[in-house]
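Counting from 1, the numbers follow the sequence of the chain as shown. Computed over heavy atoms, backbone and side chain alike; hydrogens, waters and symmetry mates excluded.
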Amino acid sequence: MPKNSKAVKRELDDDVTESVRDLLSNEDTCDDSFKKSSLIVGGKDDAARPAWNSKLQYILAQVGFSVGLGNVWRFPYLCQKNGGGAYLVPYLILLIVIGIPLFFLELSVGQRIRRGSIGVWNYISPRLGGIGFASCVVCFFVALYYNVIIGWSLFYFSQSFQQPLPWHECPLVKNKTTTYVVPECEKSSATTYYWYREALNISDSISESGGLNWRMTICLLAAWSMVCLAMIKGIQSSGKVMYFSSLFPYVVLICFLVRALLLKGSVDGIRHMFTPKLEIMLEAKVWREAATQVFFALGLGFGGVIAFSSYNKRDNNCHFDAVLVSFINFFTSVLATLVVFAVLGFKANIMNGKCVALNTKKIVGLLGNEISRDLIPHHINFSATVSAEDYQKMTVLIREVMEKDYQLLGLGSCSIEEELNKAVQGTGLAFIAFTEAMTHFPASPFWSVMFFLMLVNLGLGSMFGTIEGIITPLVDTFKVRKEFLTVGVCLLAFFIGLLFVQRSGNYWVAMFDDYSATLPLLIVVILENVAVAWVYGTDKFFEDLKDMLGFTPFRFYYYMWKYVTPLLLILLLGSSVIQLGMTPPSYSAWIKDLASEKSLSYTPWGLAVCISLVVMAIMPVPVVFFLRYFNIIDENAGVVSTISYKKGCIIQEIARPEEEDDASLIHAKSPSPMPGNSIYRKQNGGVPDSTPNGRYGIGYLMADMPDMPESDL
């Protein structure tokens, strides 16, 4: 055949297309530089899409994002509340039915399309492009208050370098004549007082702002500075930090577990934790809370999972990654639960010992009057320390004899089980219960430093994924410099975050935690599932996965994505809405005069803010849908140029404003070929199809190489 035969045929027949192999036949074989292609748009070299330095770095990033503060202070509380060891059964079932399939789905679309959340859902269905914007909004809301918690941890970390710890005992007030304990502390406890008064200096309600807490403002600035510096180069900088921020918490948890197991009472806490209450498993509330925990533990819907996976090679086995990270997350939760209850068991023994000592003094004072000496077992010696077992024997005898009059004595039961049943979660666990337990540790400042440094690292790992869920989609969409955008987002978030470091800031954190993420994220993930399983098509998606992974995923995922998971998510959304409707919006306020918490209802403007958070987070979905549906924004508009891979770089093609969008591929539309301006590849079966062009003017022409399989997306 003559050398110019193809050119002659192209002139005679405009519909003829060429394969990638034909087009690149005169080029040298692509080398590793193919994977690090530079992007040329508008005549300017743009940096190549970054890639993970190693598979380990990527896994640590996903683990760091999914394993967060909730694993330490939420999962143990739910486990204790919902049947102890029996709670692990519904959690594992829902992890397999909801968690792993959805996690695998997000990893797959991110890795396949190599875009952030906005780009991914625009590719799959332009009318559902609002899903990506909603994810970004939710990420921003969560980042606002999540970094405040890191700021709190930094404050406690900075205060831990002293002996004794500043929350070890109540402060004293001296006047001219007497010295007395601060009443607010005396009515509560030293750690509770320190948290609410010294750290937060909290106001009595959300309506009383009380001005900025300058110490927490500095800590918030430090937290945002750390996030900004770690994220400013994207995964190039944050990936290196992941080696420490993701692994250090495991070192601390293991050290805490070993140390706690050597303390008296730790076994009581672990036994209490894992004693199964099988009857509770039949309650619908247990399954709903387990599903919610699975959902949020893996970071579904935030966009961070998609963003991280978009920096992978296309032939990476993301199914293995999904299963591995999900079970690492689960076992981390179990490890954290062991640590928490071992420490709380030690604390319960100390509190029980104090209770026994206090009530023994009461019994000694009542002997010979209200209580007969004959009721006291002969082996009990009041001059020595009375054990908890001897105290229980005394109270049982006294109760049997005195019956109705026993209540008048005012003796406490002093039970370790009752102490352990005082369920605490969130900030109450980390900054009150756990800090109180650590004051009784030998070398308590060391353990306090380790604990709060662990909290900082757990928080930072999740923050990196959350910020990546904002930055990556915006950079992919608007082509802005990542460094400028990262600094801009962090500065904006810091100034908005000043709302959370007022004296009333703790109430705002609780409000955002309750209303800014739960419902919007559930809706986002339902739409993600529907977009892939029903709009794009599960069969077509399975073909893409086979092409990408080199094997067909288990049929189990087909039925999960298409039927089971959407149904369960809709049920979870419905139950969450019903729960919100049945529970009037309220928050726990610390009342200074009472030195205790009190549940207060939100004011009308507070209710308006709660509703606004939900509406603002989900609003991008209907807005984008209607703009696309009524062609206010043309689904085929916005194409700048076609890009194709060639010899280690992406070469700009001639701009075609009227060219079909990438969605045409998904909906099986056949764009009209334009010889000389576009590049085509032959699909299996010989039917020509266009290289994806993209709403953002970027399309990929993939060479026939094993690490870059062809994509129908």
Side-chain angles (χ1 to χ4, degrees), residues 69-70 74 130 133-152 196 200-213 216-217 220 223-224 292 295-296 301-303 425-428 463 466-467 469-470 489-524 573 575-591 597-623:
L69 297 172
R74 177 69 177 165
F133 287 100
S135 291
C136 287
V137 174
V138 173
C139 278
F140 188 71
F141 283 161
V142 171
L144 287 176
Y145 74 83
Y146 206 85
N147 226 21
V148 174
I149 300 174
I150 298 177
W152 293 342
Y196 283 116
L200 299 181
N201 193 20
I202 200 166
S203 60
D204 283 352
S205 73
I206 196 171
S207 302
E208 304 172 27
S209 69
L212 289 177
N213 182 335
M216 288 304 170
T217 304
L220 180 64
W224 275 114
T292 305
F295 183 83
F296 287 106
F302 282 95
Q425 63 166 323
T427 54
M463 275 298 295
T466 304
I467 297 298
I470 302 170
V489 167
C490 291
L491 279 175
L492 177 63
F494 167 71
F495 285 113
I496 297 176
L498 294 177
L499 176 70
F500 302 99
V501 290
Q502 303 176 99
R503 289 181 58 198
S504 60
N506 189 45
Y507 308 137
W508 287 98
V509 169
M511 177 192 286
F512 271 66
D513 189 35
D514 290 339
Y515 296 99
S516 70
T518 307
L519 289 182
L521 278 180
L522 278 171
I523 295 170
V524 163
L573 177 64
S575 64
S576 298
V577 171
I578 292 171
Q579 184 200 22
L580 283 175
M582 294 175 62
T583 308
S586 61
Y587 62 98
S588 293
W590 178 259
I591 309 301
E597 290 183 335
K598 182 180 180 182
S599 181
L600 298 179
S601 298
Y602 283 110
T603 57
W605 65 263
L607 286 174
V609 173
C610 294
I611 295 170
S612 299
L613 289 174
V614 177
V615 172
M616 283 191 293
I618 206 61
M619 184 59 69
V621 175
V623 168

Quick one: side chain to side chain donor-acceptor pair (under 3.5 Å) partners of Trp590, sequence neighbours excluded?
Glu184

CZ/Phe302 to CG/Leu521 distance, rounded to the nearest 0.5 angstrom?
4.5 Å

Quiz: residues 200-207 side-chain donor-acceptor pairs under 3.5 angstrom, not counting sequence neighbours:
from, atom 1, to, atom 2, distance (Å)
Asn201, OD1, Arg197, NH1, 3.2
Ser203, OG, Ser205, O, 3.0
Ser203, OG, Glu208, O, 2.7
Asp204, OD1, Lys592, N, 3.3
Ser205, OG, Ser207, N, 3.4

The criterion is side-chain contact (heavy atoms from CB on, under 4.5 Å); which residues satisfy it with Ser576, sequence neighbours excluded?
Leu519, Leu522, Leu572

Which residue pairs pass the side-chain hydrogen bond (donor to acceptor under 3.5 Å, both in side chains) test when at least one of the two sits in residues 135-145, sequence neighbours left out?
Tyr145-Asp513

Check Gly469 against Cys136 and note the closest heavy-atom contact, atom names and distance.
O-SG, 3.6 Å

Rounded to the nearest 0.5 angstrom, the CD1-CD1 distance for Ile523 and Ile618 is 4.0 Å

Tell me which donor-acceptor pairs under 3.5 Å the side chains of residues 602-617 have, and how far apart each pair is, sequence neighbours excluded?
from, atom 1, to, atom 2, distance (Å)
Thr603, OG1, Trp605, NE1, 2.9
Thr603, OG1, Gly606, N, 3.3
Ser612, OG, Ala608, O, 2.7

Test: side-chain hydrogen bond (donor to acceptor under 3.5 Å, both in side chains). Region: residues 498-511. Which pairs qualify, not counting sequence neighbours?
none

Measure the CG-CH2 distance between Leu144 and Trp224 for me, rounded to the nearest 0.5 Å.
6.5 Å

Provide the closest heavy-atom pair for Gly301 versus Val524 in the form atom of the first, atom of the second, distance.
O-CG1, 3.9 Å

How about Met511 and Tyr587: do any of their side-chain heavy atoms sit closer than 4.5 Å?
no

Rounded to the nearest 0.5 Å, how far does CG of Leu212 lie from CG of Leu499?
10.0 Å

Report yes if some heavy atom in the side chain of Asn147 is under 4.5 Å from a heavy atom in the side chain of Phe494; otherwise report no.
no

Side chains of Trp152 and Val509: does their closest heavy-atom pair fall under 4.5 Å?
yes

As a quick check of understanding, evaluate side-chain contact (heavy atoms from CB on, under 4.5 Å) for Val623 and Phe133, giving each step before the final call.
CA-CA 10 Å; Val623 168; Phe133 287 100; over 6 Å; no

Taking the side chain as every heavy atom from C-beta outward, state whether Thr217 and Leu220 have any atom pair closer than 4.5 Å.
no

CD/Gln579 to OG1/Thr518 distance, rounded to the nearest 0.5 angstrom?
9.0 Å

Considering non-hydrogen atoms only, spot the tightest contact between Ala223 and Gly151 and give its length.
CB-N, 4.2 Å

Could you report the tightest heavy-atom contact between Cys139 and Thr466, atom names first, then the distance?
O-CG2, 3.3 Å

